2 protein chains.
Amino acid sequence: MKPLSDTQPHGHLALQPHERSLIGMWLRLAKCYNLALRDVRASLRDACTLPQFDVLSQLKRSDERGLTFSELSRLLLVTAGNLTGIIDRLEEQGLVRRETNPEDRRETFIKLTEKGRDYATEIIPKHERDLVKIFSGLKPEIVDQLRSGLAELRKHLDAHGRHGSDE
Amino acid sequence: MKPLSDTQPHGHLALQPHERSLIGMWLRLAKCYNLALRDVRASLRDACTLPQFDVLSQLKRSDERGLTFSELSRLLLVTAGNLTGIIDRLEEQGLVRRETNPEDRRETFIKLTEKGRDYATEIIPKHERDLVKIFSGLKPEIVDQLRSGLAELRKHLDAHGRHGSDE
DNA sequence: TTACAGTAATTGAAGCATGAATGGTTGCAA
DNA sequence: TTGCAACCATTCATGCTTCAATTACTGTAA
């Protein structure tokens with residue numbers, strides 16, 4: 001009655017059904033995300049790029065002080081090196097400005113300019129309505145199912161990602 | 001009894017709870033995908049990039065004929081212009097080769113070389129075990145919930161993406 | 001005070017991604 | 001046959017993304 005293969009005996013064994021379904025979940029997640037991303041990006045095209053939108057959106061909901069590169073980096077899950085370029089382009093458009101923190105001159109706050117605040121106020125609701133258009137038609141049960149499942153997945157990934165991968 | 005505001009009367013109205021939850025779903029989807037993507041990429045780092053892995057993986061499961069740029073483009077949801085570069089790099093490493101279709105000289109087949117096939121055979125199972133490691137620990141009910149929800153979302157996006165956006 | 005470990009942002013190289021424009025190829029219609 | 005519309009891959013410009021190396025600044029310990 002002993003099984004021919006167990007979970008991870010040595011490494012080179014066929015995957016069990018449950019493991020297969022984990023992989024399938026990841027593939028579906030990736031497919032859905034990229035499929036949706038196309039529409040999301042398309043709807044945003046004339047306004048700005050998605051990463052730029054994300055920055056504006058975070059700044060809009062932050063207080064007067066603005067956000068540092070480190071903070072934005074954590075919020076948006078991108079590297080600080082990446083942000084430098086994104087902020088450069090937003091700054092060229094006059095939508096944000098850099099301001100060194102006088103208390104700790106290593107940090108620089110990123111703040112919305114007047115123009116940037118106006119722009120964010122204009123495009124955020126517009127984008128939200130586009131998002132609704134893209135996803136509306138899904139049955140509410142499905143939406144709830146996904147929301148709660150994704151929340152669980154999020155918890156799992158947060159916990160897993162922290163203390164590195166064992167083995 | 002007539003409601004104060006309906007779904008899309010003119011554009012500038014507050015979102016309804018159900019619409020809010022659609023947006024929340026998208027945000028969670030994006031967060032989870034990017035969070036997981038970090039781990040997935042990290043696990044693949046020494047082998048090759050994720051897009052390159054995806055190409056090798058598709059070629060491995062295709063028959064001897066290989067795949068054209070158009071076919072790969074549809075399968076991987078990337079533009080043909082993008083693929084040109086990815087295939088260039090795989091070709092430089094000797095893992096794939098281009099071969100013009102003699103029946104229609106516009107098309108070029110991309111095929112695994114001997115070396116490419118060996119390499120794919122080596123890294124695909126390895127990567128699958130890494131994926132399992134990243135996601136294992138999730139309760140099976142959650143996995144099923146996500147799998148079925150994502151399948152529905154996929155259907156919706158496929159249907160929606162085809163015939164453009166109405167309005 | 002000076003050395004230094006740690007943190008913050010920037011830079012640079014490589015690769016991924018898009019959209020638009022280009023050149024080769026095909027098949028069909030005039 | 002010639003013209004042409006449609007299709008395929010490539011190229012180009014722009015921007016995103018990572019990782020690794022660098023510069024600038026801070027606080028602390030010698």
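Owing to the predicted nature of the structure, the values given are computational and were not obtained by experimental measurement. In what follows, chains are A, B, ... by sequence order, proteins preceding strands, each numbered from 1.
In this structure, the CZ atom of B:Phe69 is 17 Å from the P atom of C:dG24, given to the nearest Å. Rounded to an integer number of Å, the gap from CZ of B:Arg45 to P of D:dT17 is 18 Å. As rounded to whole Å, 11 Å separates atom P of D:dG15 from atom CG of A:Asp88. Whole-Å rounding puts the A:Glu107 CD to C:dA9 C1' distance at 10 Å. Distance A:Asn101 CG to D:dT26 P: 9 Å, rounded to the nearest Å. Rounded to whole angstrom, the span from the CG atom of B:Leu67 across to the P atom of D:dA9 amounts to 11 Å. Remark: P of D:dC8 and CD1 of B:Ile87 are 16 Å apart, rounded to the nearest angstrom. Rounded to whole angstrom, the span from the CG atom of B:Leu37 across to the P atom of D:dC19 amounts to 10 Å.
Remark: the backbone N or O of A:Cys32 is not paired with any side-chain donor or acceptor of B:Arg154 at under 3.5 angstrom. Between the side chain of B:Gln145 and the backbone N or O of A:Gln145, at least one donor-acceptor pair lies under 3.5 Å. A donor-acceptor pair under 3.5 Å is formed between the side chain of B:Lys115 and the backbone N or O of B:Gln93. Looking only at distances, no side-chain donor or acceptor of B:Ser57 sits under 3.5 Å from a matching main-chain atom of B:Phe53.
As judged by a 4.0 angstrom heavy-atom cut-off over every strand, B:Ile110 is placed among residues making no nucleic acid contact. Among the atoms of the strands shown, base atoms are found under 4.0 Å from some heavy atom of B:Asn82. Contact annotation for A:Leu76: no contact, since no heavy-atom pair falls under 4.0 Å across all strands. Heavy atoms of A:Ile86 sit under 4.0 angstrom from primed sugar atoms or phosphate atoms, though from no base atom.
Comparing C:dA20, D:dA9, D:dA24 by their nearest atom to the side chain of A:Arg106 picks out D:dA24. The side chain of A:Thr49 lies closest to D:dC16 when the candidates are C:dA17, D:dT26, D:dC16. Closest approach to the B:Pro51 side chain among D:dT26, C:dA9, C:dC16 is made by C:dC16 (side chain taken as heavy atoms from C-beta onward).
Of the two residues contacting DNA chain D, namely A:Gln52 and A:Glu103, the nearest-nucleotide position lying further toward the 5' end is that of A:Gln52. Along DNA chain C, the nucleotide nearest to A:Gly81 and the one nearest to B:Asp104 differ in position, and the one closer to the 5' end is contacted by A:Gly81.
At a threshold of 4.5 Å between side-chain heavy atoms, the hydrophobic network of Ile, Leu, Val, Met, Phe, Trp and Tyr places A:Met25 and B:Leu29 in one connected group.
Between A:Arg38 and C:dG19 there is no side-chain N or O to OP1 or OP2 distance below 4.0 Å. Between A:Thr79 and D:dT18, a side-chain N or O to OP1/OP2 separation shorter than 4.0 Å is present. Checking the phosphate oxygens (OP1, OP2) of C:dT25, a side-chain nitrogen or oxygen of B:Arg105 falls inside 4.0 Å. Put simply, A:Arg41 has no side-chain N or O that comes within less than 4.0 Å of OP1 or OP2 on D:dG15. For A:Ser70 and C:dT7, the shortest distance from a side-chain N or O to OP1 or OP2 is not below 4.0 Å.
B:Arg105 has no carboxylate O lying under 4.0 Å from a charged side-chain N of B:Glu107, or vice versa, which leaves the two without a salt bridge.
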